Amino acid sequence: MAKIKYQTPSGMHDILSEDYAYYEKVYEIVNDIARFYGFGRIQTPVLEDAALFEKSTGATTDIVEKQMFTLKTKGGDELALRPEFTPGIARAYVQHGMLNMPQPVKLYTYGPLFRYEHPQAGRFRQFHQVDFEVFGEESPAIDAEIIQIFYAILKELKFSHLIIEVNSIGDSQCRPYYKKLLANYLRPRANSLCADCRRRMRQNPLRMLDCKEEKCQRIKAQAPQIIDHLCDSCKAHFKSLLEFLDEADLPYHLDPYLVRGLDYYTKTVFEIFSDRTVQVVDEQGEIVQRSALVGGGRYDNLLKILGGKEIAASGAAAGVERIMAIMKDRGTLAMEEAKPRVFLAQLGDLPKKKSLKILEEFRRAKISVAESLGRDSLRTQLGRADKLGAEYTIILGQKEVLENAVVVRKMETGEQETVKMENLVDELKKRLKR
Ligand code: HAM
């Protein structure tokens, strides 16, 4: 066989129609829940100024440092394919003066994102997220609402055994002190850390807590915990968040080392896992990471950095492919093939020409019809109608066209009746009702 010349780029996939049904199922539930909780849909461009992500996601984060697809336009602008939604939505909030609207402003979106990762299970270079953001609300009630929303989405998708990991990473009051404390703890142990963590120790020691290397995990286990060093206002915020989660019966678990790999977070951070979560496996086949379905948190400083005022904000995103992988694995979505109620069989040139108009009349009447316009044999077409489970087949031959009529065949019994063309849709409506 000849070698296929062009294929999808590494880590990027075509979504074929059988898979698209999963995406649609997820988006249907997301739209319903978003509407219920008062979120408006936003769509931002796939390309943004690369500097937007450097400033928000953080210049030294893996996402910006290693994973961004960037390009230079003919005009010399440096753009990036969005690796996440949050910076673009925050930019839109500032750019469109949403600050002057009644607060909080609640926005959601879904669509493709791009990260230059090492492709593996649950980790792609083009993937999809569902993302919810709330601007202009400081209360931990909103953090809890976002957690509840993602929990509800997963529950509606029939996920059980969900684990919500939460932590607080403080704010610009208390975090610098904790960072120093952590750096002091790590410095004498630097030789036992991986190369990445030795670098992180200088740039952002917090990220060391995120490291999946076993030797770093051992050191992490004895490290001071940020939760013990929060300032009073962060402590009170976190305590209140946990009370909201308790009251809402959301089964959370405290993870004092959860920091998340993005720079903009303040106070609340959280992730949601399923006990069936896809694992990320390294080249040797070792499981290196349980991959989260959902990640998010509060980011009260970002809007100011982007040129807005000091606006509190909070949000989260779920990876659609990771959700789908579990749905597929479980076989939860028994894929219902759209079953047509009527089949249109045509015999010869003239009937074929009439077919498109008839199909359109059925579409307007909202009656599902299948056809096989490329086939001419009646036997083949009736066989297909049977296979698809159509209740009636309309047979249109030369004679019928000349008489301005059609034959309606009841598939179950084989009974046939001739019906005037102008009465066809009404006749079928009646029969399908019975
Ligand atoms: P994130 O943790 O980078 O957060 O991504 C959120 C989710 O997207 C992950 O939990 C995972 O399910 C999915 N995901 C991330 N990278 C990939 C990939 N390469 N392949 C497949 N799925 C992936 C954010 O993006 C933040 N913007 C979330 C947020 C919104 N925080 C506040 N608001």
Side-chain angles (χ1 to χ4, degrees), residues 10-13 15 23 26 39 42 44 48 52-53 56-58 61-64 66-69 81-93 106-135 137 142-143 145-147 149-150 153-154 157 159 162-166 169 207 210 258-274 276-280 289-303 312-327:
S10 172
M12 302 193 177
H13 303 279
I15 304 173
Y23 285 83
V26 173
F39 282 73
I42 185 168
T44 56
E48 297 269 3
L52 172 69
F53 301 107
S56 0
T57 316
T61 57
D62 281 356
I63 293 181
V64 171
K66 301 183 189 160
Q67 299 175 342
M68 232 161 42
F69 285 92
L81 282 169
R82 59 186 184 198
E84 56 148 339
F85 282 118
T86 313
I89 299 180
R91 172 203 49 70
Y93 175 91
K106 294 172 145 189
L107 300 169
Y108 83 107
T109 195
Y110 43 81
L113 299 166
F114 305 84
R115 293 185 193 177
Y116 191 83
E117 308 227 32
H118 184 69
Q120 55 202 309
R123 205 160 272 233
F124 308 110
R125 290 187 179 170
Q126 177 173 346
F127 62 99
H128 296 73
Q129 274 185 358
V130 165
D131 182 281
F132 282 66
E133 311 287 354
V134 178
F135 300 98
E137 181 56 72
I142 279 296
D143 305 7
E145 185 176 278
I146 289 168
I147 294 173
I149 284 172
F150 280 93
I153 292 171
L154 293 170
L157 290 168
F159 279 69
L162 293 168
I163 305 143
I164 304 168
E165 308 266 10
V166 286
I169 56 166
R207 299 252 333 276
D210 225 10
L258 177 67
V259 287
R260 309 223 350 100
L262 300 89
D263 273 1
Y264 47 64
Y265 292 114
T266 50
K267 300 189 175 121
T268 312
V269 286
F270 74 93
E271 286 183 341
I272 305 180
F273 297 84
S274 153
R276 306 182 66 140
T277 293
V278 246
Q279 315 278 7
V280 175
Q289 202 179 332
R290 243 183 355 147
S291 44
L293 298 176
V294 181
R298 174 161 284 283
Y299 49 100
D300 291 344
N301 296 336
L302 180 62
L303 277 289
S314 190
V320 183
E321 283 76 8
R322 290 190 189 174
I323 291 175
M324 269 180 55
I326 296 175
M327 286 167 74

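Quick note: numbers below take in every heavy atom, side chains included, and nothing from hydrogens, waters or symmetry partners. Just so it is clear, the model here is predicted, and its values are computed rather than measured. As the structure lists them, so they are numbered: ligands from 1, and atoms in each ligand from 1.
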Whether the Thr86 and Tyr299 side chains hold a donor-acceptor pair (N or O, under 3.5 Å, no angle test) is what I'd like checked.
no
Do any nitrogen or oxygen atoms of Gly296 come within less than 3.5 Å of a nitrogen or oxygen of ligand 1?
no
Do any N or O atoms from the side chain of Arg322 and from the backbone of Gly122 form a donor-acceptor pair under 3.5 angstrom?
yes
With side chains defined as the heavy atoms from C-beta onward, is the minimum distance between Val294 and Ile153 less than 4.5 Å?
no
Please work out which of Phe132, Tyr299, Phe85, Tyr265 has its closest non-hydrogen atom nearest to atom 29 (C) of ligand 1.
Tyr265
If you measure from each heavy atom of Arg322 to ligand 1, is any distance below 4.0 Å?
yes
Less than 3.5 Å between some nitrogen or oxygen of Glu271 and one of ligand 1, yes or no?
no
Between Leu293 and ligand 1, find which residue part has any heavy-atom pair under 4.0 Å and reply side chain, backbone, both or neither.
backbone
For atom 16 (N) of ligand 1, grab the closest protein heavy atom and report residue, atom and distance to one decimal in Å.
Arg115 NH1, 3.3 Å
Among Gly295, Gly88, Gly11, closest by heavy atom to atom 28 (C) of ligand 1 is Gly295
Whether the side chain of Glu133 engages the backbone of Asp131 through a donor-acceptor N/O pair (distance < 3.5 Å, no angle test) should be reported.
no
Check each atom of ligand 1 against the heavy atoms of Asp131 and keep those under 4.0 Å away; list them by number with element.
30 (C)
Could you find the nearest protein heavy atom to atom 19 (N) of ligand 1 and give me its residue, atom name and distance?
Glu117 OE2, 2.6 Å
Ligand 1 contact on Glu133 by region, counting heavy-atom pairs under 4.0 Å:
side chain
Do Arg115 and Asp62 meet the salt-bridge criterion of a basic N to acidic O distance under 4.0 Å?
no
Regarding His128 and Glu321, is there a side-chain donor-to-acceptor distance under 3.5 Å anywhere?
yes
Please report the shortest heavy-atom distance between Val166 and Ile147, naming the atom on each side.
CG1-CD1, 4.1 Å
Proximity to ligand 1 by part of Ala316, non-hydrogen separation under 4.0 Å:
backbone
Who's the nearest protein heavy-atom neighbour of atom 13 (C) of ligand 1, and how far?
Gly319 CA, 3.5 Å
Among Gly122, Ala325, Pro87, closest by heavy atom to atom 21 (C) of ligand 1 is Gly122
Check if Arg125 has a non-hydrogen atom at a distance under 4.0 Å from any atom of ligand 1.
no
Just so I know, are the side chains of Glu137 and Ser314 near enough to count as touching, which here means a heavy-atom distance under 4.5 Å?
no
Atom 20 (N) of ligand 1: nearest protein contact (heavy atom, Å):
Phe124 N, 2.9 Å
Measure Tyr264 to ligand 1 on non-hydrogen atoms and call it side chain, backbone, both or neither using the 4.0 Å cut-off.
side chain
Counting only nitrogen or oxygen atoms and a 3.5 angstrom limit, does Ala292 reach ligand 1?
yes
Would Tyr110 and Tyr23 count as a close aromatic pair, with their ring centres under 6.0 Å?
no
What protein heavy atom is closest to atom 27 (N) of ligand 1, reported as residue, atom name and distance in Å?
Glu84 OE1, 2.5 Å
So, Arg82 side chain and Thr44 main chain: donor-acceptor pair closer than 3.5 Å or not?
yes
How far is atom 4 (O) of ligand 1 from the closest protein heavy atom, and which atom is that?
Arg260 NH2, 2.9 Å
Suppose we measure from atom 14 (N) of ligand 1 to each protein heavy atom; which comes out shortest, and what is that distance?
Phe127 CE1, 3.5 Å
Does any N or O in the side chain of Arg298 come within less than 3.5 Å of the main-chain N or O of Ala312, such that one atom is a donor and the other an acceptor?
no
Atom CZ of Phe69: over 12 foreign heavy atoms under 6.0 Å
yes
Heavy-atom contacts with Gln129 under 4.0 Å: which atoms of ligand 1 show up? List them by number with element.
5 (O), 6 (C), 7 (C), 8 (O), 24 (C), 25 (O)
Would you say Thr61's side chain and Gly261's backbone share a donor-acceptor pair under 3.5 angstrom?
no
